[in-house]
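Heads up, the thing below is written out as structure tokens.
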Amino acid sequence: MKCLLNKRSKVGHRFVLDREIAIFQKKLSHWWRVNAREFPWRNDNATSYHLIVSELLLQRTRAETVELYWPKFINIFSDWDTLANTSEKKICKILQPLGLSRQRAPRIKALAVEICTEKGRFPQTQEDILLLPGVGQYIANAILLFVHDVPAPLLDVNMARVLERYFGSRKLVDIRFDPYLQSLSKMIVTNNDPRMINWAILDLGALVCKSANPICNQCPLKSNCRHFHRSGRSLRQRK
DNA sequence: TTCCGGTAGG
DNA sequence: CCTACAGGAA
């Protein structure tokens with residue numbers, strides 16, 4: 001039993017103890033039980049359409065901003081079919097206040113058309129999912145997670161920041177193709193409740209482990225966090 | 001690698 | 001005022 005937990009896994013260019021992963025997951029889920037953010041797309045009655053469309057709206061856009069426009073968007077576009085049958089121009093106009101509308105509108109429409117052509121079916125494998133229009137590394141993982149219920153990381157800048165501070169930084173510049181972050185995040189979200197642990201990491205990144213002015217002393221993970229110990233040491237040295 | 005963009009928060 | 005944001009494509 002103990003041997004299992006002390007097993008070391010090679011993750012990208014680093015080694016991580018399996019026990020560290022377990023501790024991270026456990027402390028985080030405890031924290032999340034009390035501190036979870038609430039969003040309409042996280043409701044129990046949210047469909048996979050709601051979840052995937054939300055991820056498209058959330059690209060390079062704060063969750064709090066999306067939350068504001070979400071009811072309006074869902075009210076107008078209640079399903080893939082409605083979206084597929086609306087002109088790009090109109091979609092663009094609705095998306096305008098969110099920004100990036102001129103790029104997002106054609107992508108969202110193209111994806112909706114494709115999904116409708118397939119009668120609401122998504123491809124099964126990651127390889128085939130990535131062939132969908134407007135679907136990159138991130139949305140592909142979201143589809144695996146929310147449509148197929150497969151453990152997959154919502155690896156965005158926020159999750160990357162949390163993991164890098166805790167476990168150590170990546171080598172590559174681009175998060176989306178860094179093998180260390182990809183495999184580490186996948187290990188972390190592979191547990192009993194992949195959606196929960198994904199949301200928990202994102203919430204920690206938004207509420208505590210913020211990019212500027214993180215609140216390390218309120219962090220449930222500080223005792224094992226590299227960043228906390230490093231910044232603590234440098235603070236002491238400065239005094 | 002670069003660009004897209006309106007918005008909320010510092 | 002400036003920064004950062006649940007990324008993807010050219």
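So that the names make sense, note that chain A is the first sequence line, chain B the second, and so on, each numbered from 1.
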Practice problem: Hey, could you give me each pair passing side-chain hydrogen bond (donor to acceptor under 3.5 Å, both in side chains) that has a residue in residues 103-114 of chain A? Not counting sequence neighbours. | Solution: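 Applying side-chain hydrogen bond (donor to acceptor under 3.5 Å, both in side chains) to every pair that reaches into residues 103-114 of chain A, excluding sequence neighbours, yields A:Thr61-A:Arg104.
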
Exercise. Sequence neighbours left out, what passes side-chain hydrogen bond (donor to acceptor under 3.5 Å, both in side chains) with A:Ser9? Give chain and number order.
Key: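 Listed in chain order: A:Asp18.
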
Mind running a 4.0 Å heavy-atom check of [range] against DNA chain C and sending the residues that fall below it, in number order?
range	answer
residues 83-101 of chain A	none
residues 55-62 of chain A	A:Glu55, A:Leu58, A:Gln59, A:Arg60, A:Thr61, A:Arg62
residues 189-204 of chain A	A:Leu202

Quiz item: A:Ile188, A:Val150: one ILVMFWY side-chain cluster at the under-4.5 Å cut-off?
Solution: yes

Please table the atom pairs, donor to acceptor, closer than 3.5 Å between any side-chain atom in residues 216-225 of chain A and protein atoms at least two apart or in another chain.
residue  : atom : partner  : partner atom : Å
A:Lys222 : NZ   : A:Asn217 : O            : 2.9
A:Ser223 : OG   : A:Lys27  : NZ           : 2.9

Between [N] atom [atom2] and [X] atom [atom1], what is the distance in whole Å?
X	N	atom1	atom2	value
A:Leu163	C:dA6	CG	P	15 Å
A:Arg102	C:dA10	CZ	C1'	15 Å
A:Leu207	B:dG9	CG	C1'	14 Å
A:Arg104	C:dG7	CZ	C1'	9 Å
A:Leu68	B:dG9	CG	P	10 Å
A:Tyr138	C:dA9	OH	P	15 Å
A:Glu38	C:dA6	CD	P	18 Å
A:Asp174	B:dT2	CG	C1'	12 Å

Going by atom type alone, with no hydrogens or angles, which donor-acceptor pairs under 3.5 Å involve a side-chain atom of residues 128-148 of chain A and a protein atom two or more places apart or on another chain?
residue  : atom : partner  : partner atom : Å
A:Asp128 : OD2  : A:Thr125 : OG1          : 3.2
A:Tyr138 : OH   : A:Glu55  : OE1          : 2.7
A:Asn141 : ND2  : A:Pro153 : O            : 3.1
A:His148 : NE2  : A:Pro123 : O            : 2.7

Using the [atom1] atom as the point on both nucleotides, what is the distance between [M] and [N], in whole Å?
N	M	atom1	result
B:dT1	C:dA6	C1'	22 Å
B:dT7	C:dA9	C1'	23 Å
C:dA4	B:dC4	C1'	14 Å

Quiz item: Looking at residues at least two apart in the chain, or sitting in another chain, which of them share a side chain to side chain contact (heavy atoms under 4.5 Å, CB included) with A:Pro40?
Solution: A:Glu67, A:Trp70

Which heavy-atom pair separates [X] from [Y] by the least distance, and what is that distance?
X	Y	value
A:Val189	A:Ala152	CG2-C, 3.7 Å
A:Val53	A:Phe73	CG1-CE2, 3.6 Å
A:Ala63	A:Leu58	CA-CD2, 3.5 Å

Which side-chain N or O atoms in residues 89-102 of chain A pair as donor and acceptor under 3.5 Å with protein atoms at least two apart or in another chain?
none

Quiz item: Between A:Tyr69 and A:Asn213, who's closer to the 5' end of DNA chain B by nearest nucleotide?
Solution: A:Tyr69

Self-check item: Phosphate contact (B:dG5 OP1 or OP2) by A:Gln103 side-chain N/O below 4.0 Å
Solution: yes

Quiz prompt | ring-ring contact (aromatic ring centres under 6.0 Å, His included) contacts in which one or both residues fall within residues 78-120 of chain A, not counting sequence neighbours | solution = A:Tyr49-A:Trp80

Self-check item: 5' precedence on DNA chain C between A:Val135 and A:Leu154 (nearest-nucleotide basis)
Solution: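 First, find each residue's nearest nucleotide; the 5'-ward one identifies A:Leu154.
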
Quiz item: On DNA chain C, nearest-nucleotide positions of A:Ile139 versus A:Ala212: which is more 5'?
Solution: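 Here A:Ala212 is the residue nearer the 5' end.
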
Practice problem: Please collect all salt bridge (charged side-chain N to carboxylate O under 4.0 Å, His left out) contacts where either partner lies in residues 70-80 of chain A, sequence neighbours excluded, each pair once. | Solution: none

Quiz prompt | Pairs meeting criterion salt bridge (charged side-chain N to carboxylate O under 4.0 Å, His left out) with involvement of residues 191-204 of chain A, two or more places apart | solution = A:Arg37-A:Asp203, A:Arg42-A:Asp203, A:Asp149-A:Arg195

Practice problem: Give A:Glu64 one of three labels, base, sugar-phosphate or nothing, depending on what nucleic acid heavy atoms sit under 4.0 Å from its own. | Solution: nothing

Quiz item: Given C:dA6, C:dG7, B:dA8, which nucleotide is nearest the side-chain atoms of A:Arg107?
Solution: C:dG7

Quiz item: For the side chain of A:Arg37 and the base of C:dA6, is some donor closer than 3.5 Å to an acceptor across the two?
Solution: yes

